[in-house]
Amino acid sequence: MSNDAGRKQFWRRNVSRVPGSIQHVYGAQHPPFDPQLHGTLTKSVLKHPTTPVKLKKTTTFQEFESNTSDAWDVGEDDDELLAMAAENLNSNVVMETAKQVIQNHTKLQEQSKHQASQQEEESFVLDETQSLSSHENKIGKSASESSIPKISGEKHTLQRQQSVPQQTSIPVMLKMADQAISCGSELNEREAFRVEKFKQLLAGPNTDLDELRKLSWSGVPKSVRSITWKLLTGYLPANVERRESTLKRKQKEYFAFIEQYYSSRNDDTNQSTYRQIHIDVPRMSPESLILQPVVTEVFERILFIWAIRHPASGYVQGINDLVTPFFVVFLSDYIDEEVEVENADVSSLPEEVLRNIEADSYWCMSKLLDGIQDNYTFAQPGIQRKVKMLEELVSRIDDQVHSHLQQYEVEYLQFAFRWMNNLLMRELPLRCTIRLWDTYQGLLIFLQNLPTEHWKDEDMSVLLAEAYRLKFAFADAPNHYKK
């Protein structure tokens with residue numbers, strides 16, 4: 001009995017402070033607690049217990065349990081609280097809040113209209129400013145296109161709606177224009193400096209080909225590319241005094257070949273060669289240039305003469321693409337800078353100029369092919385070796401790609417053959433190929449003409465010692481070479 005009395009006394013003490021008693025939290029799911037509006041809220045909660053109370057007489061513990069709601073109890077306390085809060089809201093407060101929302105929305109609409117009209121005025125002033133300072137905007141194409149939006153009269157409204165940022169002001173636009181002009185000026189100054197370095201090097205009595213090769217690594221300026229390529233291929237000598245005489249002699253020699261061999265293109269022995277050339281040339285790119293009749297004839301003569309003079313390989317598809325970069329570079333010396341070479345009317349050039357371009361293209365192509373002629377002999381062993389080297393290189397530096405190709409049984413020869421056969425002429429735009437050849441020619445010609453004419457026994461001893469070291473490191477350790 002004494003124990004029962006103790007239990008009753010325990011449950012009667014501090015009922016409101018016992019953990020688990022309902023204490024509603026006002027936050028994301030409940031309106032903010034306002035004592036003036038929700039003064040009766042906490043009192044009314046106790047009038048609606050979540051668990052029905054039995055009418056019969058209960059013990060003190062049962063009364064406590066019926067008035068307690070835990071987290072796992074299912075009830076509708078949230079809905080009840082929202083409903084009671086809505087009943088106690090002051091209608092004046094609601095009306096005042098709604099009025100403020102409407103006023104704010106109206107102000108935003110007015111600001112938007114004001115900004116649109118202001119932007120239209122700014123765009124108009126910007127047009128006038130650009131027209132007055134158009135001579136300052138003749139900068140590099142890449143800098144101008146990336147920094148200054150072009151605005152025309154016909155598309156003025158569309159650009160104002162879609163392209164012009166709403167928060168862009170005239171000072172900001174003028175600042176962007178100044179930055180673009182500054183960037184273009186820096187590019188022009190740097191390009192002018194590089195051109196000057198090339199000209200100084202080329203003007204010397206004997207051009208340092210090693211230094212010229214280093215300068216060409218990062219690209220050759222257009223104004224000096226023609227003479228640079230002729231030197232790097234070995235077509236012209238390094239001595240300045242001998243260049244003019246050599247040029248005239250080689251051009252005369254080429255047209256002597258034309259007179260001697262070109263008339264035999266329809267003979268039984270050469271007919272198939274010329275027929276294949278005649279089929280391949282119109283397939284070349286850029287079509288707008290190649291398909292001009294005078295250009296087609298030039299390419300046919302160059303390729304036929306080369307095939308006749310190199311019977312070990314003859315003409316092979318792919319050689320035709322190697323003429324294009326030389327022809328375009330030499331042609332650009334006689335075309336206005338505003339005209340794209342691909343769209344130039346070659347027939348308008350003087351006959352003597354066109355003859356010189358043809359001869360120069362032939363000799364430079366011949367110099368290039370002298371070092372890779374085994375790419376075009378029977379079975380093309382040179383290309384076979386290069387593709388094999390590419391496969392070994394990829395397996396070492398990117399084994400994941402190599403394994404992926406092996407998994408799907410893709411042979412390197414299936415996709416890399418054309419890379420080697422055309423020297424990437426079909427994979428890159430012509431302008432990119434020319435830039436690539438600025439660097440590639442120097443390397444290729446260097447490997448074909450190693451500076452060994454002044455070597456002595458000491459140099460050979462160093463070479464043989466280095467060869468032995470490499471043999472010991474790689475040839476006797478094939479696994480190290482593969483991985």
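Within a 6.0 Å radius of CZ in R249, other residues, nucleotides and ligands contribute more than 12 heavy atoms. When the shell of 6.0 Å around NE2 of H310 is examined, it contains more than 12 heavy atoms from other residues, nucleotides or ligands. Dense packing is recorded around CD of Q200, with more than 12 heavy atoms of other residues, nucleotides or ligands lying under 6.0 Å away. Counted within 6.0 Å of CG on D268, heavy atoms from surrounding residues, nucleotides or ligands total 12 or fewer; the atom is thus considered open. Counting non-hydrogen atoms of other residues, nucleotides and ligands closer than 6.0 Å to CD of E253 gives a total above 12. Other residues, nucleotides and ligands contribute at most 12 non-hydrogen atoms within 6.0 Å of the CG atom of D457. Heavy atoms of other residues, nucleotides or ligands lying less than 6.0 angstrom from CD of E466 number more than 12. Residue-environment remark: NZ (K222) exceeds the threshold of 12 foreign heavy atoms within 6.0 Å.
Note that CG of L322 and CD1 of I372 are 6.0 Å apart. Values are rounded to the nearest 0.5 Å. Atom OG1 of T296 and atom CE of M284 lie 9.0 Å apart (nearest 0.5 Å).
Among F326, F327, Y235, the one residue that satisfies the ring pair (Phe, Tyr, Trp, His ring centres under 6.0 Å) test with W229 is F326.
Using a 4.0 Å cut-off between charged nitrogen and carboxylate oxygen, E358 and R355 do not count as a salt-bridge pair. Ion pairing between D370 and K367 fails under the 4.0 Å rule for side-chain N and carboxylate O.
A donor-acceptor contact shorter than 3.5 Å is absent between the side chain of R309 and the backbone of F257. Not a single donor-acceptor pair under 3.5 Å links the side chain of D267 to the backbone N or O of T269. Here the side chain of Q292 pairs a donor or acceptor atom with the backbone of S288 at under 3.5 angstrom.
At least one side-chain heavy atom of L390 sits less than 4.5 Å from a side-chain heavy atom of M420. For the pair Y362/R301, no side-chain contact is recorded, criterion being any heavy-atom separation below 4.5 Å from C-beta on. With contacts defined as side-chain heavy-atom distances shorter than 4.5 Å, the pair V401/H404 does not qualify. The side-chain heavy atoms of V298 and V346, taken from C-beta on, include no pair separated by under 4.5 Å. The shortest side-chain heavy-atom distance between L247 and N356 does not fall under the 4.5 Å cut-off. Residues K230 and C364 meet the side-chain proximity criterion, which asks for heavy atoms closer than 4.5 Å.
Geometrically, R265 engages Y274 in a cation-pi contact, judged by NZ or CZ lying under 6.0 Å from the ring centre and within 45° of the ring axis.
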Check the pair N270, Y261 against side chain to side chain donor-acceptor pair (under 3.5 Å), reporting the backbone distance first and the verdict last. CA-CA 10 Å; N270 301 325; Y261 299 114; over 6 Å; no

Evaluate side chain to side chain donor-acceptor pair (under 3.5 Å) for H402 paired with Q406, printing each intermediate quantity in order. CA-CA 6 Å; H402 179 70; Q406 286 187 325; 3.2 Å; yes

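The two residues S313 and Y376 make their nearest non-hydrogen contact at CB-O, 3.3 Å. Taking every heavy atom of both residues into account, N375 and K386 meet most closely at OD1-NZ, 3.2 Å. Closest of all the heavy-atom pairs between S366 and W306 is OG-CD1, 3.3 Å. Residue N320 comes nearest to Q317 through the heavy atom pair OD1-C, 4.1 Å, listed as atom of the first residue, atom of the second, then distance. The nearest pair of heavy atoms linking V294 to S347 is CG1-N, 4.0 Å. Across all their heavy atoms, P237 and R243 have their closest contact at O-NE, 3.3 Å.
Contacts of F378 classified as ring-ring contact (aromatic ring centres under 6.0 Å, His included), with partners at least two apart in sequence or in another chain: none.
In summary, the side chains of S332 and R225 do not present any donor paired with an acceptor at a separation below 3.5 Å, with no hydrogens or angles considered.
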